[in-house]
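Here the structure is laid out as structure tokens; the discussion comes afterwards.
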Amino acid sequence: MKTSEHTIAGLLQGAAMLESVSDSPRLDVELLLGHVLGQTRAYLYTWPERKLNDDQVHAYKELLERRRGGEPIAYLTGLQDFWSLSLEVNTSTLIPRPETELLVETSLELIDLQDARVLDLGTGTGAVALALAKERPGWEVLAVDVVLEAVALAERNRCRHGLDNVSVMDSNWFAGLAGRRFDLIVSNPPYIEPDDPHLLQGDVRFEPRSALVAKNRGFSALETIASGAPAYLKAGGWLLLEHGFDQAKTVRALLRASGFVEVASRRDNQGHERVSHGRKPG
């Protein structure tokens with residue numbers, strides 16, 4: 001069969017090639033084929049007999065081979081959904097994950113202010129900052145990252161969704177924020193141990209180590225943020241931290257040692273304690 005005679009239905013059979021590398025091979029091929037065609041997944045099932053031209057078939061098969069090699073779908077398509085947003089992604093940042101939506105959910109529950117000032121540390125794609133800004137148009141959100149490529153990416157995502165209540169800038173944690181005070185600080189920092197075997201598995205093999213790995217058994221960034229945050233929070237302000245599934249007890253201790261009260265942890269949809277938070281007294 002000539003490549004020009006390939007149909008959508010036939011090309012979707014490529015899911016069989018991904019069964020050994022993906023938990024969702026059918027979804028993967030739908031996303032890749034939809035990306036090549038510039039169409040939704042629903043379109044693929046509406047027009048299963050549509051034939052692709054040679055260039056489209058070549059592009060699809062190239063992406064399929066890269067996925068077969070383990071590359072994340074989000075890096076192949078350049079997009080990832082988070083909260084209610086479609087975000088541009090690239091290899092300068094982590095791919096936003098569903099469990100990080102817990103940071104957004106918890107922030108919205110804890111902060112009952114119409115005009116809060118919010119800081120997102122290590123923003124990456126801008127996912128958390130942009131989700132909060134969309135849900136709370138009256139909030140003034142500052143998103144910072146030390147990686148300049150990430151800063152540029154977060155700014156593109158800000159423009160993509162027209163969120164004028166977000167500002168993006170480069171800063172190494174709190175280094176560029178002297179004199180500023182916030183009602184809420186959120187962060188999903190690096191928290192994986194350098195020798196964690198999971199770094200050799202799945203999508204994380206392709207993600208930047210600097211956004212994943214932290215010294216001191218994965219706690220160095222969490223320690224820096226917990227100890228530094230009180231100076232940048234208003235009295236009564238909150239700090240929320242995402243962390244590893246087995247790090248909650250230690251993170252709660254870090255928060256208490258830094259003077260936070262009402263310290264607690266929240267569980268993600270898998271039942272793991274994933275976000276810990278505390279309030280600055282006052």
Going by atom types alone, do H243 and S276 pair a side-chain donor with an acceptor below 3.5 Å? yes
Given the rule that I, L, V, M, F, W and Y join up when any side-chain heavy atoms are under 4.5 Å apart, are Y191 and V144 in one cluster? yes
Heavy-atom side-chain proximity of L12 to L33 below 4.5 angstrom: yes
D28-S22 side chain donor-acceptor pair, cut-off 3.5 Å: yes
Counting C-beta onward and ignoring hydrogens, is there a side-chain heavy-atom pair between R158 and L130 closer than 4.5 Å? yes
Are side-chain N/O atoms of E99 and N269 paired as donor and acceptor at under 3.5 Å? no
With a cut-off of 3.5 Å and sequence neighbours excluded, list every side-chain donor-acceptor pair involving residues 232-241.
from	atom 1	to	atom 2	distance (Å)
K234	NZ	D183	OD2	3.4

Donor-acceptor contact below 3.5 Å, side chain T93 vs main chain G124: no
Option from D23, V29, I73, L27 for which side-chain contact (heavy atoms from CB on, under 4.5 Å) with L18 holds: V29
Side-chain heavy atoms of S171 within contact of L177, under 4.5 Å: yes
Modelled atom types, side-chain donor and acceptor of T7 and R50, under 3.5 Å: no
According to side-chain hydrogen bond (donor to acceptor under 3.5 Å, both in side chains), who are the partners of E109, at least two apart in sequence or on a separate chain? R266
Could you work out, with side-chain hydrogen bond (donor to acceptor under 3.5 Å, both in side chains) as the rule, every residue matching S84, not counting sequence neighbours? K134
